[in-house]
There are 2 protein chains.
Amino acid sequence: MSPIRGYVFDAYGTLFDVHSVVEAGRVITGDPVALSTMWRQKQLEYTWLRALMGTYADFWVVTEAALRYTIGRLGLTASEAQVRQLMEAYLSLACFPEVKAALRQLAGRPRAVLSNGAPSMLAAAVTASGLTALLEHVISVDRVKTYKPSPLVYALGPETLGVSAGELLFVSSNGWDVAGAKAFGYQVVWCNRTGAPEEELGVRPDLVIDSLEKIPR
Amino acid sequence: MSPIRGYVFDAYGTLFDVHSVVEAGRVITGDPVALSTMWRQKQLEYTWLRALMGTYADFWVVTEAALRYTIGRLGLTASEAQVRQLMEAYLSLACFPEVKAALRQLAGRPRAVLSNGAPSMLAAAVTASGLTALLEHVISVDRVKTYKPSPLVYALGPETLGVSAGELLFVSSNGWDVAGAKAFGYQVVWCNRTGAPEEELGVRPDLVIDSLEKIPR
């Protein structure tokens with residue numbers, strides 16, 4: 001890999017463990033994994049569809065819409081208070097166990113988050129997970145009103161850090177995000193914690209790791 | 001609804017029954033529904049992702065990529081001959097039972113297909129299903145090198161038929177396609193054969209039917 005002058009991280013599933021979102025589902029279902037799996041899938045679908053349609057709504061709106069669809073699709077019922085409770089799980093996420101040590105190791109070069117999350121969602125999760133002092137930049141797609149994997153989103157990294165994409169290392173656990181960042185021109189690490197197969201999108205990560213502690217310096 | 005001067009149909013799942021694709025899966029798995037469900041999901045995902053990334057590849061390429069991912073993800077194995085056999089199921093689709101009668105009822109105004117399918121895939125399916133004489137236009141996204149729900153795709157309908165979107169009736173069984181067409185400006189009918197809940201994308205169809213014979217004239 002070429003010399004690295006800065007780091008850009010995906011947020012949900014990469015730095016932030018969304019396990020607490022799964023747990024929150026127990027208030028309305030005995031199968032919270034089925035709920036959270038479809039909710040996450042619909043959340044992503046709605047970002048892609050709205051980006052393509054040109055009808056951006058922020059990630060909070062999209063996440064709630066995906067939740068409401070999922071509740072209906074699975075034949076569940078939820079009071080407004082329960083919907084709020086589920087949504088608020090997104091505001092109090094923990095980070096994965098290795099994240100703090102991994103970010104500390106990279107100190108000295110700028111460390112940024114680049115995420116689909118709405119600014120208020122990202123601010124809450126960064127605070128709740130104790131990452132405030134370990135990140136120089138928290139960048140939301142909301143600045144360009146579209147979603148990953150649009151090149152308009154990936155361009156925010158080089159623009160904010162003042163470093164070209166080819167000198168930045170982009171780190172994500174989401175295979176489709178890896179493809180988007182690589183197509184844009186970043187050096188890319190795929191943190192594949194679960195041993196998932198590679199996405200077949202015509203581009204490949206530069207490196208695959210199974211823990212953020214293995215990010216090259 | 002306003003007066004209608006032409007009809008634009010989605011293809012896969014709307015006119016063409018993809019059941020034969022499910023059946024073809026039996027050559028590599030005892031659970032062909034799991035295979036076809038993930039294959040279809042990945043096929044759509046890859047169209048949305050490639051459209052957003054700006055890395056268009058045609059629907060044949062995307063469909064095969066989605067199949068290869070799905071085979072790996074489900075831990076199946078398939079020879080190259082079996083992959084070819086599965087892919088070729090897309091070239092010999094049947095139409096749903098009511099399609100011919102429904103299209104005949106609409107004769108006198110132009111009837112078009114507007115589909116993600118590659119031109120060769122659509123030509124094969126229209127021939128195999130016996131719809132050649134019942135469609136005045138078969139339009140592929142390949143002309144604009146992107147995918148639904150991009151407005152660039154929906155614009156091909158009015159452009160080809162010489163009729164404004166507001167005077168065309170767009171018909172699809174896919175909820176997300178319904179949303180895209182409505183956001184673009186068509187009058188839209190959702191053919192919801194399976195009683196699925198509406199997508200939460202901020203736009204709604206003008207009419208919901210459960211069979212194409214109920215399309216308003």
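Keep in mind that the numbers below use all heavy atoms, side chains included, and drop hydrogens, waters and symmetry copies. Residue numbers start from 1 in every chain, and the chains themselves are labelled A, B, ... in the order their sequence lines are given, proteins ahead of strands.
For A:Ala196, no part sits under 4.5 Å from any heavy atom of chain B, backbone or side chain. Heavy atoms closer than 4.5 Å to chain A are found in both the backbone and the side chain of B:Glu199. When heavy atoms are compared at a cutoff of 4.5 Å, A:Lys148 approaches chain B solely by way of its backbone atoms N, CA, C and O.
Within the 3.5 Å criterion, the main-chain N or O of B:Pro197 finds no donor-acceptor partner in the side chain of A:Arg73.
Crowding of B:Arg84 atom CZ: a count of heavy atoms from other residues, nucleotides or ligands under 6.0 Å exceeding 12. Atom CZ of B:Arg143 has more than 12 heavy atoms from other residues, nucleotides or ligands within 6.0 Å.
A:Lys42 contributes atom NZ, which lies 7.5 Å from atom CG of B:Leu201 (distance to the nearest 0.5 angstrom).
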Stepwise side chain to side chain contact (heavy atoms under 4.5 Å, CB included) check, B:Leu52 with A:Tyr147: CA-CA 9 Å; B:Leu52 275 174; A:Tyr147 284 105; 5.6 Å; no
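Considering all non-hydrogen atoms of both residues, B:Met53 and A:Ala183 come closest at CE-CB, 3.7 Å. Contact record, A:Trp48 with B:Glu45: CZ3-CG, 3.5 Å, taken as the closest heavy-atom pair. Closest heavy-atom contact between B:Tyr69 and A:Glu198: CD1-O, 3.3 Å.
For the set A:Leu49, A:Val153, A:Val61, A:Leu44, the entry with the most heavy-atom pairs within less than 4.5 Å of chain B is A:Leu49.
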